[in-house]
Amino acid sequence: MKRVVLTVGLVVIGTMAWSNPVSHASSAAPDDPVKGMKVYADQKCSTCHAINGAGGKLAPDLGAIGAKRDAAWLAAYLANPTTLDPKKPPKIKMKPTTAKGADLDDLVAYLLSLKGKK
């Protein structure tokens, strides 16, 4: 008899957790670097930027950007790129990203994951 009660109890608890949208939302990663890699590709960032030597040569290599910048800086910069060193302006001015919301968060998560070669 105890097995039946326990089994029914687990089914009820499992059903409640499955039907509760809050429990699913909290288990999803808010910032996904894998999705961010796709945003990076969709935004065609590699046209100008390289990652560890693979990609464009017009802009800095981003292979270690995650070790140099934080999320707030990256999000602000991507939305409104500015010249970092006025004495050495870039050859081509970077265009702001069109990624917004979760896509921007994922792109930032991807860039933060780039810590350089080990």
Side-chain angles (χ1 to χ4, degrees):
M1 186 66 158
K2 289 183 182 179
R3 281 189 186 176
V4 173
V5 173
L6 179 60
T7 303
V8 170
L10 289 175
V11 169
V12 170
I13 291 170
T15 303
M16 289 171 52
W18 181 255
S19 64
N20 183 353
V22 174
S23 67
H24 293 297
S26 63
S27 66
D31 306 325
D32 187 341
V34 174
K35 289 180 182 176
M37 187 184 310
K38 181 177 179 337
V39 175
Y40 181 88
D42 291 347
Q43 294 286 309
K44 300 190 181 354
C45 302
S46 64
T47 301
C48 297
H49 291 281
I51 294 177
N52 299 324
K57 306 289 184 214
L58 295 173
D61 189 300
L62 300 176
I65 193 71
K68 298 174 185 173
R69 303 292 181 185
D70 64 16
W73 188 93
L74 286 168
Y77 186 81
L78 290 169
N80 184 24
T82 58
T83 300
L84 298 177
D85 185 353
K87 294 179 183 176
K88 296 180 188 177
K91 295 173 186 168
I92 297 174
K93 183 171 172 25
M94 183 173 149
K95 296 186 297 185
T97 183
T98 58
K100 304 283 184 234
D103 285 343
L104 180 58
D105 293 342
D106 293 340
L107 177 58
V108 168
Y110 171 61
L111 294 174
L112 287 174
S113 75
L114 302 174
K115 304 286 187 186
K117 292 182 179 181
K118 294 181 179 184

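Everything numeric in this text was worked out from a predicted model, so none of it was measured. As a basis for the values below, the full set of heavy atoms in this structure was taken, side chains included, without hydrogen atoms, waters or symmetry mates.
- To the nearest 0.5 Å, atom NZ of residue Lys68 and atom CG of residue Leu114 are 11.0 Å apart.
- Under the 4.5 Å side-chain heavy-atom criterion for grouping Ile, Leu, Val, Met, Phe, Trp and Tyr, Leu111 is connected to Trp73 within one hydrophobic cluster.
- Judged by distance alone, the side chain of Asp32 and the main-chain N or O of Asp106 form no donor-acceptor pair under 3.5 Å.
- Taking CG from Leu58 and OG1 from Thr47, the interatomic distance works out to 9.0 Å, rounded to the nearest 0.5 Å.
- In this structure, NE2 in His49 is found 11.5 Å from CD in Gln43, a value given to the nearest 0.5 Å.
- Between the side chain of Asp61 and the main chain of Gly53, a donor-acceptor pair closer than 3.5 Å is present.
- Counting heavy-atom neighbours within 6.0 Å of Lys93 NZ, excluding the residue itself, gives a total above 12.
- Within the 4.5 Å cutoff, the side chain of Leu104 has heavy atoms near those of the Thr97 side chain.
- In the hydrophobic clustering of this structure, Leu78 groups with Leu84; members are Ile, Leu, Val, Met, Phe, Trp, Tyr whose side-chain heavy atoms approach within less than 4.5 Å, directly or through other members.
- Residue-environment remark: NZ (Lys57) exceeds the threshold of 12 foreign heavy atoms within 6.0 Å.
- Separation of atoms OH (Tyr77) and CD1 (Ile65) is listed at 9.0 Å; rounding is to 0.5 Å.
- The backbone N or O of Leu107 lies less than 3.5 Å from no partner atom in the side chain of Tyr40, so there is not a single donor-acceptor pair.
- In terms of heavy-atom proximity, Pro96 sits nearest to Ala79 at CB-O, 3.3 Å.
- Taking each heavy atom of Val39 and Ala99 in turn, the nearest pair found is CG1-CB, 3.9 Å.
- Put simply, the side chain of Lys115 gets close to the backbone of Leu112: a donor and an acceptor are under 3.5 Å apart.
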